[in-house]
Structure formats: C-alpha cells, structure tokens
2 protein chains.
Amino acid sequence: MTDIDTSPIPERKRGSGVKMVYDLLRDEILDLVLLPGSPIDEVQLAERFKMSRTPIREALVRLAGEGLIDTLPNRSTMVANIDFLNMHTFFDALVLMYRVTTKLAAQYHRPKDLKVIRAHQVEFAAAVQAQDALAMISTNAALHSAIAEAGRNTYFTGLFNRLLDEGRRMLRLYYQSYDDRLPQRFVEEHDDIIAVIANRDIEEADRLAKLHAEQIVYQIQKLFAREDRLDMAL
Amino acid sequence: MTDIDTSPIPERKRGSGVKMVYDLLRDEILDLVLLPGSPIDEVQLAERFKMSRTPIREALVRLAGEGLIDTLPNRSTMVANIDFLNMHTFFDALVLMYRVTTKLAAQYHRPKDLKVIRAHQVEFAAAVQAQDALAMISTNAALHSAIAEAGRNTYFTGLFNRLLDEGRRMLRLYYQSYDDRLPQRFVEEHDDIIAVIANRDIEEADRLAKLHAEQIVYQIQKLFAREDRLDMAL
DNA sequence: TGTATACTATTTGTCGACAAGAATTTTTGG
DNA sequence: CCAAAAATTCTTGTCGACAAATAGTATACA
C-alpha cells in the first residue's frame, strides 16, 4: 500500500486565496523576511501556495499598487527598495501625519475609541518594559494607527498607515540586533497625548504630537547616523 | 471573393493592454462617463477591447486599489460612489495638501519647475477667460499638481493627486451645465502664489495657499448648497 | 395565494496551456 | 582566443475553458 496524499487542508474557499497570498507576502516584506531588492518568482509562489499563477499575480498587482514591490515590464519583479536618499521626505510626511491625525482624534473621537487606544498603549508600555525593540515598533504603530482611526479621515489614515508600514520596514533594518530600546520617555509622551485627546484640547494635541513625532524622528536619525559610522569603519 | 477581416490595428504590444484599459477606464470614471454606482462587466469590457478577461481584471484590481471602483467578492463590481456625507474629511485633506505642497514648492523648487508651473497658469487663465468650467477644473488641478511636483515629496503628491482626481469627479457632477465660472480672483491668487514660490517665501506660501484653498472649498460648498436647494425644490 | 424549495442562468474566481520577450548559453566566424 | 550571431531556456503576459457562488426563475406544497 502506497502513501496517499492526505493533504490536511487542501480545500481553500473560493476567493480567499488572493487575500491569503497578499497578507502573507505583505507581512514578509514588512518584516524583511523578503529583503528589499530580492526577486519574486510567480511560479515559485504558485507552487508554494498550491494554486495557479493567476491569483498570485493579482496579489502582486495589489502590492505593486501600494509600492511594496516594483515590476519591470516583461522582466523580473522584486521587493521595492528603501529610498534612503529621500528619507527627509518620509520624515516630513510622518511628522505632519502624526500631528494632523492626533489633532483630528482630539476633535472627533468617541468614547469607544479611547478604550482601543488605551489598550494599545498598555501593550506599548509592556514592550518597552520588556525591552523588545521589534514589539515597540509594531505596538507604537498600532497605537498611532488607532489614534488616526479615531480622527475619522480615511485620506489621512490611508497615507499614515502607509508611512507606518514603510517605517516598520526601515526600522527592522536597524533593530536586527535587539540591543536597542526606546526610552521610557515615549511611554509618558503617549500618556500625555492620550490625555489631551480625551480632553478634546485640539491645539495642545497638535503641539504634543509635533514634539513626539520630532523626538521619534530624531531617535531614528541618531540610530541611522550611528550605523553609518559603523559602515564607514568597515 | 469574400470580405477578409483587414482589422486596422489588431496588433497590440505585449503588456500595453492593461495600461490602455486602466487609463481609459480611469478617465471615463473621472469624467463621469461611467456614473458612480454603475456596474462594470468584465465580459463586456473584454469584448470591447478585444482581449481576454485576464488583463481586464488586472486593470480593475488596480482601479480598486485606488478606490475608484468597489468590488463585492463573488458579486458585481461597480464604480465607486461619491461619499457626500463625509465631504468635510475631503475638504480637510484638500486644504492641508494645498498648503503643504505649496510650502514645499517654495522650499525645494528648481528653475525648470517654475516654467512648467507658469505654463499651466497660462492655460488656467485662458480657461477662465473662455468661461469653460470643465477646463478650469482640469487646468487648476494640473497647475497645483505641478506645484506639488516641485515640492518633491512623493507621499504628498500621491495623496494630493488622488484628492484632485476625486474633486474632479465631484465637480463634474455640478458643472454639467457649463453656466458656472470661477471668479477672475482665482487667477490673481495663482499669480500671487507663484510669485511667493519663486521668492522662496515659505511662510507666505503657506498663508496664501491656505486662503486660496479655503476660497475654493467655500466656492464648492456654495455650489453644492445651491444644488441642494434645487433638489429640494423638485 | 403565499412561501419554501429546486432548478436555471449569469457572473466571478481559478486553472492549465501557449506565445512573446528577455536572459543565457552555444555555436560560428574572424 | 575572442566577438558576434544563433539557438535555447526561462519568465511573463494572454488566452480559452471550467467550476464555484450567487441571482433569478419556476415549481411544489400548504
């Protein structure tokens, strides 16, 4: 008697395939499992997910739309590179979105939003406590994304989430070593920001968000500068 | 001798089909040739463009990514509706992008950018002179898009262009009659804005852009209010 | 007559295959 | 031995067809 392929879960629901591939590839790109510049092979993915190339390609088109992969016509497609030369444009956009989303959250949030926001803040504090740099990045992003949601402007949340994703990718490059940690100060700043949102103090929300964002940008730049020096030493 | 199908241009270059369908559908949606809510039939499009459904679907996925069409899983796909209820979020985003892109243009523009910007302004002035409302909309969008390009921040230009597209769609709804015209004042405001950009006066660029944007928003809201009254009269 | 069920039809999601371009290797000519 | 041309391999873009899901229609039953 020969072995019969008793595939555990060969049945996929119609239409779920694209989303599964999209989500997984997206995570792998943002977590740097797939490094920037590495090629993406449709056939390989088709084999890996046990499906035809058609849904794979649809997922890739979506990712290309978000700028996570680059597609050269009739040629290879690869994970988008990180543009370190124009980093300041990223920081400009990030700071502005921090400010405007926090401001709008102070203006339009509902009681239920605060519960969600505070839950994320608890997780962020725990990550800082545990000195888990990677967890800090993701919980910080989740917290600010929740604040943006409370502002209820899809145009801003859309751009902001995109920026947070891109930031997650950049920081992964530098936090590989796990030996860095964001200062406790950020936890307190978050608490202050949440407080002014709850108080609906719009001007103060803008001011604190600006300071907070600039602190984070400064922190990142300091990190990059240190790495640059290490690179030069080699 | 029977008629032979001497199709004029049956040959399409490999890979050009998707872009062609995407561009054309995009224009038709933004120009309201395809009205919001109207269904999109893949098979019909495939026949119309004389190609298989695969490239059609790829174009549709891209359009969905930009929010121009809505896709219900396993069901119909249709042109995205315009969200009149949350119009203020659109205006918020539009005003902010007007400001920040103008500001960055004052900061980072190069001589060549000004030439392009001024050319667009000439076209806008001509449209106002000709009292061609539709041309005013598109030339105004082109002008501000060019200003944004001079600011050299892809995150902002991306969101801004998206907003301008959405605005183009909204205004088409109200400018069908061709009997409206933007005031000459906007031409002068544009001239002032271009002047401060050329002078690299960042603060003044922000101030003028804010005033200009709020004027435009006010104009649009006035237009909508009038239409609402007409609707109610029916 | 109204409602629930079965059937049909339309539309979408997926598949395997083929063909066009580009990259790579092999062959040919100097 | 090297360079240009030819052949091959490999990947992508497109196609026609099939199958699943849903909508619409007809039928059966109370």
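This structure is a prediction, so every number in the text was calculated from the model and none was measured. In what follows, chains are A, B, ... by sequence order, proteins preceding strands, each numbered from 1.
Not counting sequence neighbours, A:E47 has no partner by the salt bridge (charged side-chain N to carboxylate O under 4.0 Å, His left out) test. By the side-chain hydrogen bond (donor to acceptor under 3.5 Å, both in side chains) test, A:S52 pairs with A:T54, sequence neighbours left out. By the salt bridge (charged side-chain N to carboxylate O under 4.0 Å, His left out) test, A:R162 pairs with no residue at all, sequence neighbours left out.
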Restricting both atoms to N or O, compile the protein contacts to nucleotides 11-13 of chain D shorter than 3.5 Å, with distance only.
residue	atom	partner	partner atom	Å
D:dT12	O2	B:R14	NH2	2.1
D:dG13	OP1	A:N74	N	3.4
D:dG13	OP2	A:R57	NH1	2.7
D:dG13	OP2	A:R57	NH2	3.0
D:dG13	O4'	B:R14	NH2	3.1
D:dG13	O3'	B:G15	N	3.3
D:dG13	N7	A:R53	NH2	2.8
D:dG13	O6	A:R53	NH1	3.0

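Tested against B:L25 for a side-chain contact (heavy atoms from CB on, under 4.5 Å), the candidates B:L30, B:L63, B:V79 yield a single pass: B:L63. Each of B:E58, B:E66, B:R62 was checked for a side chain to side chain donor-acceptor pair (under 3.5 Å) with B:Y22, and the lone residue meeting it is B:E66. The salt bridge (Lys or Arg N to Asp or Glu O under 4.0 Å) test with A:R172 is passed by exactly one of A:D27, A:D165, A:D31: A:D31.
Taking the six-membered ring where tryptophan is involved, the planes of A:Y108 and B:H88 are tilted, since the angle between them lies from 30° to 60°.
Overall bending of the helix from C:dT1-D:dA30 to C:dG30-D:dC1, expressed as the angle between end axes built from five pairs apiece, is 10° (10° steps).
You can see that DNA chain C meets the heavy atoms of chain B within a 4.0 Å-exclusive cut from C:dT12 to C:dA20, reading 5' to 3'.
There is a side-chain donor-acceptor pair under 3.5 Å between B:N140 and B:H190.
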*Before giving the answer on salt bridge (charged side-chain N to carboxylate O under 4.0 Å, His left out), spell out for B:R48 and B:E28 the whole-Å C-alpha distance, their side-chain angles and the decisive distance to 0.1 Å.*
CA-CA 14 Å; B:R48 176 175 164 199; B:E28 290 193 351; 2.7 Å; yes
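A distance of 10.5 Å separates CE of B:M97 from CZ of B:R99, quoted to the nearest 0.5 Å.
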